[in-house]
Amino acid sequence: MNLADKVLVVNDNLPIRTNKPVHSGKVRSVYWLTEEDSARLIKDKGYDVPADAPLAIMVISDRISAFDCVWQGENGLNGVPGKGTALNAISNHWFKLFKDKGLADSHILDIPHPLVWIVQKARPVMIEAIARQYITGSMWRAYTKGEREFCGITIPEGLEKDQKLPELLITPSTKGVLTGLEGVPEADDVNVSRSDIERHVEGFNFSRLSDIDLYEKLLREGFDVISDALAEHDQIFVDTKFEFGYVNDAAGNEKLIYMDEVGTPDSSRIWDGSSHRDGKIIEQSKEGFRQWLLNHFPDPDILLNKNRMEERFALARDNKLPESVMMDISNTYVGIAEKIIGQKLQISDNPKQEIIDILRDEYQLIV
């Protein structure tokens with residue numbers, strides 16, 4: 001079996017029983033289970049959710065996305081070996097640590113396979129909650145242009161690139177296009193202030209005003225848990241994205257939970273500590289791949305300018321990346337995952353068939 005066969009690129013064509021369209025994003029695909037299968041699994045597996053809660057199978061792929069595009073490699077290597085397994089293993093580790101430390105639950109109910117989650121349907125809070133411990137990336141670019149206020153928070157003069165901020169900075173942005181909210185642009189991924197959120201509690205899908213405090217508390221505590229754990233491996237947690245949502249437990253109690261993924265190389269910047277002390281930035285996240293793309297193509301503005309999306313899509317479609325680059329990404333993802341979980345990753349030789357076998361034999365979900 002060659003390397004390309006070990007990569008799960010297409011994850012929306014599995015024969016999982018569903019009566020709804022499969023939702024396929026850049027990396028994950030979601031299969032909504034039938035009411036009958038959801039109820040059966042809740043009863044048989046003892047999940048702590050209402051008996052009629054909708055469940056879904058979430059399958060992660062090994063695709064690599066950056067700058068809103070999916071990139072492919074030479075020799076049929078159209079994904080990154082081990083990437084999906086690494087992302088899920090890291091999220092599983094942090095979600096469990098959050099729960100063990102009494103922070104909050106996640107949407108994950110079961111992990112049938114390293115590439116698969118069974119999740120409870122959540123009502124998402126319409127915020128991507130970004131926490132920043134260092135000034136870098138887009139924030140640094142804005143700072144060099146004279147911006148000093150970010151999401152209603154003023155940061156001091158005289159900061160240098162990649163410097164640690166005086167305190168953890170929360171810079172939320174919109175998740176999706178929100179309409180009819182005074183003072184909030186009708187666009188995805190635009191910064192909002194806490195006062196914007198407080199004025200539009202329902203518009204951002206919070207149940208109550210006090211949950212804004214709770215989401216910030218969970219964000220800060222979650223960031224600190226990951227940052228402290230990474231520091232034990234001499235890794236620096238630079239910035240990250242959290243997402244939150246609401247679910248009910250079996251007793252009908254509503255709770256705010258962590259959802260999507262947390263503390264991964266896709267959703268975070270992580271720097272190597274020893275290199276940072278030597279004045280060098282060694283990325284342990286997708287940011288390293290993003291920087292490679294910016295340096296590789298002669299006109300990096302295509303990747304940064306949202307007015308050139310057609311050119312960007314064409315760039316990703318028409319350029320197969322060297323296998324060595326795909327393997328460098330693999331080494332980054334697998335390496336940081338093994339540091340975090342403290343053991344070797346088990347990467348499947350035939351992931352699609354493994355998933356089908358497990359979901360058929362242990363969950364009776366294959367048609």
Side-chain angles (χ1 to χ4, degrees), residues 3-4 6-9 26-28 60-94 114-115 132-134 136-138 162 226-227 229-241 260-297 300 303 316 319-348 351:
L3 192 58
K6 299 176 69 169
V7 173
L8 186 65
V9 177
K26 292 189 186 75
V27 175
R28 299 181 188 271
I60 193 169
S61 72
D62 292 313
R63 295 190 295 271
I64 180 75
S65 70
F67 300 108
D68 298 314
C69 296
V70 174
W71 301 84
Q72 299 181 330
E74 296 173 341
N75 305 319
L77 194 61
N78 292 330
V80 174
K83 175 177 177 285
T85 299
L87 290 177
N88 271 10
I90 292 169
S91 284
N92 297 341
H93 182 85
W94 298 137
L115 295 171
R132 305 174 188 270
Q133 194 167 216
Y134 288 77
T136 190
S138 61
D162 302 330
I226 297 175
S227 184
L230 285 174
E232 293 178 5
H233 302 291
D234 201 12
Q235 303 296 302
I236 298 172
F237 200 34
V238 178
D239 55 37
T240 196
K241 175 192 75 171
D260 192 49
E261 62 181 21
V262 289
T264 72
D266 268 12
S267 63
S268 316
R269 278 188 182 88
I270 301 168
W271 293 340
D272 179 72
S274 62
S275 300
H276 186 259
R277 288 191 295 276
D278 290 337
K280 295 180 292 186
I281 299 297
I282 301 296
E283 297 283 356
Q284 303 281 52
S285 63
K286 186 164 65 178
E287 186 59 26
F289 174 54
R290 287 167 55 90
Q291 293 301 319
W292 182 88
L293 290 170
L294 289 170
N295 291 326
H296 178 69
F297 291 108
L303 297 173
N319 288 274
K320 302 292 185 182
L321 306 183
E323 184 174 310
S324 60
V325 172
M326 304 299 274
M327 293 311 299
D328 281 346
I329 304 168
S330 174
N331 292 336
T332 295
Y333 277 69
V334 172
I336 193 65
E338 291 180 346
K339 274 192 177 77
I340 289 169
I341 68 175
Q343 62 188 55
K344 294 285 288 183
L345 278 184
Q346 299 301 312
I347 300 172
S348 172

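Everything numeric in this text was worked out from a predicted model, so none of it was measured.
- Proximity of F289 to L321: side-chain heavy atoms (C-beta onward) are separated by under 4.5 Å at one or more points.
- In this structure a side-chain-to-backbone donor-acceptor pair under 3.5 Å is missing from S61 to R28.
- To the nearest 0.5 Å, atoms CG (L303) and CZ (R290) are separated by 9.0 Å.
- Ionic pairing of K83 and D266 is present here: one or more N-O contacts between side-chain nitrogen and carboxylate oxygen are shorter than 4.0 angstrom.
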Verdict with reasoning, V325 to H296, per side chain to side chain contact (heavy atoms under 4.5 Å, CB included): CA-CA 11 Å; V325 172; H296 178 69; over 6 Å; no
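- Closest non-hydrogen pair, V262 versus I90, comes out as O-CG2, 4.1 Å.
- Scored by the side chain to side chain donor-acceptor pair (under 3.5 Å) test, D68 finds no partners at all (sequence neighbours excluded).
- The shortest side-chain heavy-atom distance between Y333 and I64 falls under the 4.5 Å cut-off.
- For D162 and R269, the salt-bridge test fails: no basic side-chain N is under 4.0 Å from an acidic carboxylate O.
- Between L115 and T85 there is a side-chain heavy-atom pair separated by less than 4.5 Å.
- With a 4.5 Å cut-off on side-chain heavy atoms, K241 and D260 count as touching.
- Here R63 pairs with nothing under the salt bridge (charged side-chain N to carboxylate O under 4.0 Å, His left out) rule; sequence neighbours left out.
- Closest of all the heavy-atom pairs between W94 and G263 is NE1-O, 3.2 Å.
- Of all the heavy atoms in Q133 and F237, the pair that sits closest is NE2-O, 2.7 Å.
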What's the verdict on salt bridge (Lys or Arg N to Asp or Glu O under 4.0 Å) for D234 and R277, showing C-alpha distance, side-chain angles and the deciding distance? CA-CA 10 Å; D234 201 12; R277 288 191 295 276; 2.9 Å; yes
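- W71 places a side-chain N or O within 3.5 Å of a backbone atom of A66 that can act as its donor or acceptor partner.
- Note that CD of Q343 and CG of L345 are 8.0 Å apart. Values are rounded to the nearest 0.5 Å.
- Checking side-chain atoms of E323 against main-chain N and O of L77 turns up no donor-acceptor pair under 3.5 Å.
- Inter-residue side-chain proximity for L230 and I270 is flagged as met; some heavy-atom pair is nearer than 4.5 Å.
- Note that the CG atom of N78 and the CD atom of Q72 stand 4.0 Å from one another [nearest 0.5 Å].
- No donor-acceptor pair closer than 3.5 Å links the side chain of S330 to the backbone N or O of V80.
- Between I329 and W292, the closest side-chain pair of non-hydrogen atoms is not below 4.5 Å.
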Please set out all donor-acceptor pairs under 3.5 angstrom arising from side-chain atoms of residues 278-285, sequence neighbours excluded.
{"from": "E283", "atom 1": "OE1", "to": "W271", "atom 2": "NE1", "distance (Å)": "3.3"}
{"from": "E283", "atom 1": "OE2", "to": "W271", "atom 2": "NE1", "distance (Å)": "3.2"}
{"from": "Q284", "atom 1": "NE2", "to": "Q235", "atom 2": "OE1", "distance (Å)": "3.2"}
{"from": "S285", "atom 1": "OG", "to": "S268", "atom 2": "O", "distance (Å)": "3.4"}
{"from": "S285", "atom 1": "OG", "to": "E287", "atom 2": "N", "distance (Å)": "3.4"}

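- Closest approach of E261 and S91 over heavy atoms only: CB-OG, 3.2 Å.
- The minimum heavy-atom distance between K320 and G73, with the atom names listed, is CD-O, 3.8 Å.
- If you take CE on M326 and CG on N331, they are separated by 12.5 Å, rounding to the nearest 0.5 Å.
- Considering only heavy atoms from C-beta on, P81 stays 4.5 Å or farther from I347 through its side chain.
- Residues I60 and V27 are in side-chain contact: their nearest non-hydrogen atoms beyond the backbone lie under 4.5 Å apart.
- The heavy-atom pair separating P265 from L87 by the smallest distance is CD-CD2, 3.7 Å.
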